[in-house]
Amino acid sequence: MPWQFNSREAVYLQIANRLRGRILAGEYPPDSQIPSVRQLATEAAVNPNTMQKALLYLEEEGILAAKGTLGRFVTSDTEILEKAKTALKEQAMRDWLAQAKSLGITKEELIAFITKEAERK
């Protein structure tokens, strides 16, 4: 099934974000090879050039590394991956807090909710 994209952000950035999430979730562990540009483009139902741009973006971040004709691999540098994971978590929390703030949720309500949810698990 083709991936879903929104019109608020460039498609290649949405692809990079999705792939970054899959890598950081462990779907592609450190040093593992990711599928080819064509395979990923087919899966996402996008032009291979768009997929190539997304993969180059992840290479610039250091998350992926091209190994000549062998293809692209997830970095073996766990420090880079941990930093990316931390940044992703922090951005998710910032987004959540911004949405809560726009709904008029107070700091006290957030703390009470987090405490209640943490105790429930």
Side-chain angles (χ1 to χ4, degrees):
M1 183 161 122
W3 298 359
Q4 299 296 312
F5 301 106
N6 65 57
S7 59
R8 296 181 305 274
E9 185 178 32
V11 172
Y12 84 93
L13 290 175
Q14 293 176 66
I15 292 169
N17 288 338
R18 180 174 290 196
L19 290 173
R20 184 185 307 103
R22 288 166 72 174
I23 290 166
L24 298 176
E27 186 174 330
Y28 301 114
D31 261 341
S32 67
Q33 185 175 17
I34 64 165
S36 71
V37 170
R38 291 209 180 276
Q39 287 172 304
L40 288 169
T42 299
E43 178 185 333
V46 297
N47 184 297
N49 293 330
T50 303
M51 184 59 68
Q52 176 73 6
K53 190 171 182 178
L55 296 176
L56 286 172
Y57 186 81
L58 292 174
E59 278 185 46
E60 289 171 6
E61 286 184 0
I63 292 175
L64 292 179
K67 294 188 180 179
T69 58
L70 296 176
R72 285 188 174 88
F73 292 76
V74 176
T75 183
S76 59
D77 188 334
T78 55
E79 188 176 325
I80 288 175
L81 296 174
E82 283 304 313
K83 283 181 181 178
K85 195 172 210 175
T86 298
L88 191 62
K89 288 177 185 179
E90 288 174 355
Q91 187 59 52
M93 289 186 279
R94 278 189 209 95
D95 293 346
W96 182 71
L97 286 172
Q99 185 177 17
K101 190 175 188 178
S102 74
L103 293 171
I105 299 172
T106 66
K107 179 173 88 173
E108 291 75 20
E109 290 172 315
L110 286 172
I111 292 168
F113 175 77
I114 292 168
T115 302
K116 182 180 83 176
E117 287 299 306
E119 289 171 357
R120 192 167 12 139
K121 306 264 178 211

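- Residue Leu70 is found in a hydrophobic cluster whose other members, listed by chain and number, are Phe73; membership requires side-chain heavy atoms under 4.5 Å apart, directly or through intermediates.
- Rounded to the nearest 0.5 angstrom, Glu117 CD and Arg120 CZ are separated by 4.0 Å.
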* Evaluate side-chain contact (heavy atoms from CB on, under 4.5 Å) for Ile23 paired with Arg20, printing each intermediate quantity in order. => CA-CA 5 Å; Ile23 290 166; Arg20 184 185 307 103; 5.7 Å; no
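- In plain terms, the two heavy atoms of Leu40 and Pro35 that are nearest each other are CD1-O, 3.5 Å.
- Ser32 meets the side chain to side chain donor-acceptor pair (under 3.5 Å) test with no other residue; sequence neighbours excluded.
- Ile114 and Ile105 fall within the same hydrophobic cluster, where Ile, Leu, Val, Met, Phe, Trp and Tyr residues are linked whenever their side-chain heavy atoms come under 4.5 Å apart, directly or through other members.
- One hydrophobic cluster holds both Leu55 and Leu24 under the rule that ILVMFWY side chains link at heavy-atom gaps under 4.5 Å.
- Among pairs with a residue in residues 97-113, none fulfils salt bridge (charged side-chain N to carboxylate O under 4.0 Å, His left out), at least two apart in sequence or across chains.
- For residues 2-15, the set of pairs meeting the salt bridge (charged side-chain N to carboxylate O under 4.0 Å, His left out) definition, not counting sequence neighbours, is empty.
- Applying the salt bridge (charged side-chain N to carboxylate O under 4.0 Å, His left out) test to pairs two or more places apart or on separate chains, those with a residue in residues 40-55 are Arg22-Glu43.
- One hydrophobic cluster, built from ILVMFWY side chains closer than 4.5 Å, holds both Leu64 and Val46.
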* **Test log, rule side-chain contact (heavy atoms from CB on, under 4.5 Å), inputs Trp96 and Leu110** => CA-CA 10 Å; Trp96 182 71; Leu110 286 172; 3.4 Å; yes
* To do: Kindly indicate, with the supporting measurements, whether the criterion side-chain contact (heavy atoms from CB on, under 4.5 Å) is fulfilled by Arg18 and Gln14.
  => CA-CA 6 Å; Arg18 180 174 290 196; Gln14 293 176 66; over 6 Å; no
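- The shortest heavy-atom contact between Val37 and Met51 is O-CG, 3.8 Å.
- Within 6.0 Å of atom OH in Tyr28, more than 12 heavy atoms from other residues, nucleotides or ligands are found, so the atom counts as buried in its surroundings.
- The heavy-atom pair separating Pro2 from Ala45 by the smallest distance is CB-CB, 3.5 Å.
- For Glu59, the side chain to side chain donor-acceptor pair (under 3.5 Å) criterion is met by Arg72, not counting sequence neighbours.
- A donor atom on one side chain and an acceptor atom on the other are not found under 3.5 Å apart for Gln99 and Asp95.
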* To do: Would you sort out whether Lys85 and Glu82 count as a salt bridge (Lys or Arg N to Asp or Glu O under 4.0 Å), showing the intermediate values?
  => CA-CA 5 Å; Lys85 195 172 210 175; Glu82 283 304 313; 5.0 Å; no
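- Linking ILVMFWY side-chain heavy atoms closer than 4.5 Å, directly or via other members, places Phe113 and Leu97 in a single hydrophobic cluster.
- Hydrophobic clustering, with ILVMFWY side chains joined whenever heavy atoms are under 4.5 angstrom apart, keeps Ile80 apart from Leu56.
- Here the rule is side-chain contact (heavy atoms from CB on, under 4.5 Å) with Leu58, and of Thr75, Ile34, Val74, Leu19 only Leu19 fits it.
- Heavy atoms only, all atoms of each residue included: Tyr12 and Thr50 are closest at CB-O, 3.8 Å.
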